[in-house]
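Have a look at the structure below, then the notes.
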Amino acid sequence: MLKASNIVKSFSGNEILRGISLEVERGELISIIGPSGCGKSTFLRCLNFLEHPDAGDVQVENVKLASHGAWRRADEAQAHRLRSHVGMVFQSFNLFPHRTVLENVMLAPMQVKGLEEGKAHKIACELLEKVGLSAVKGRYPDRLSGGQQQRAAIARALAMKPSVMLYDEPTSALDPELSEEVLSVMRALDAEGMTQLVVTHDMRFARAASDRVLFMEAGQIVESGDPDVIFANPREAGTRRFLRTLL
Ligand SMILES: Nc1ncnc2c1ncn2[C@@H]1O[C@H](COP(=O)(O)OP(=O)(O)OP(=O)(O)O)[C@@H](O)[C@H]1O
Ligand SMILES: [Mg+2]
């Protein structure tokens, strides 16, 4: 349901992504691990064209977008279509501070999809229930714990009914206990069949919850496969080195 082919991206002459290809099956939970600066966030951002790759193409559902030199208005429209299938969650939550949690979740479906307020309200309440925030939905983000804010951010992304959720270190700003609240929401979504791609430093989660782990190094996917194999018996020297530095 998601396919990226040969994604290349440079910043000021440095090649950060060196031709990354990836196919994701519906319902998969994939963890992306690798050293700081290897291009994990850049890759995730290229998948929904928040960052324009220099080369390569991305397909999500039936929307395909190829990168080429001149970005045109038609490409922006296509990027918009592509993004409508993709939910993104960042390390820093990024909730609207002057909106309640409920409003945060209702806003995009109303503004982007033109959903009528009553329907948006119903969907938002259901999603907030699902992530365990019904009791605090009238609060402003700064009245919530980090774990609650991140769960609100997940509910907000889900409100657009994405086909795939991308997470960039969703728990690295959180204490272990609050991380667990967020990870358990992701596990529940996995059980429901949501497709999820997670950049994470949480190796325990990557190992226990993923269907597949990708190890990235210097702008390439060096090794990918079953989490138990990657963690217990990695094939590549780079993967072994990385995992050793974590111990
Ligand atoms: N907008 C940008 N302009 C210039 N260089 C950038 C930009 N974004 C990322 N880079 C560079 O690209 C490289 C990869 O960055 P990226 O954020 O993708 O790494 P990462 O694997 O997510 O690292 P981390 O684990 O620390 O989050 C880094 O060297 C970074 O400095
Ligand atoms: Mg990053």
Quick one: does [X]'s side chain get under 4.5 Å of [Y]'s, heavy atoms only?
| X | Y | result |
| --- | --- | --- |
| Asn94 | Met88 | no |
| Asp228 | Arg207 | yes |
| Leu166 | Arg45 | no |
| Glu192 | Lys130 | yes |
| Leu22 | Lys3 | no |
| Phe43 | Pro53 | no |
| Met194 | Leu158 | yes |
| Val182 | Phe205 | no |

Check: [X] side chain, [Y] main-chain N or O, donor-acceptor pair, under 3.5 Å:
| X | Y | value |
| --- | --- | --- |
| Arg83 | Phe49 | yes |
| Asn104 | Phe96 | yes |
| Ser31 | Val213 | no |
| Ser184 | Glu181 | yes |
| Gln78 | Lys64 | yes |
| Asp168 | Val199 | no |
| Gln150 | Pro170 | yes |
| Glu223 | Pro234 | no |
| Asn14 | Ile16 | no |

Report task. Check the hydrophobic clustering (I, L, V, M, F, W, Y; side-chain heavy atoms under 4.5 Å; chains of links allowed) and say if Val63 and Leu50 are grouped together. Result ->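 Per the 4.5 Å side-chain linkage, Val63 and Leu50 are co-clustered.
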Query raised in the report: Can Leu102 be reached from Val131 by stepping across I, L, V, M, F, W or Y side chains whose heavy atoms are under 4.5 Å apart?
Result: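 Same cluster: Val131 reaches Leu102 through Ile, Leu, Val, Met, Phe, Trp or Tyr contacts under 4.5 Å.
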Report task. From the options Val86, Leu214, Ile32, Leu29, select the one residue that forms a side-chain contact (heavy atoms from CB on, under 4.5 Å) with Leu197. Result ->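 Only one of Val86, Leu214, Ile32, Leu29 forms a side-chain contact (heavy atoms from CB on, under 4.5 Å) with Leu197, namely Ile32.
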Can [X] and [Y] be counted as an ion pair, charged N to O under 4.0 angstrom?
| X | Y | value |
| --- | --- | --- |
| Glu116 | Lys122 | no |
| Glu61 | Arg26 | yes |
| Arg212 | Glu25 | no |

Report task. For a salt bridge (Lys or Arg N to Asp or Glu O under 4.0 Å) with Glu217, tell me which candidate from Arg241, Arg240, Arg18 qualifies. Result ->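 Result for salt bridge (Lys or Arg N to Asp or Glu O under 4.0 Å) with Glu217: Arg241.
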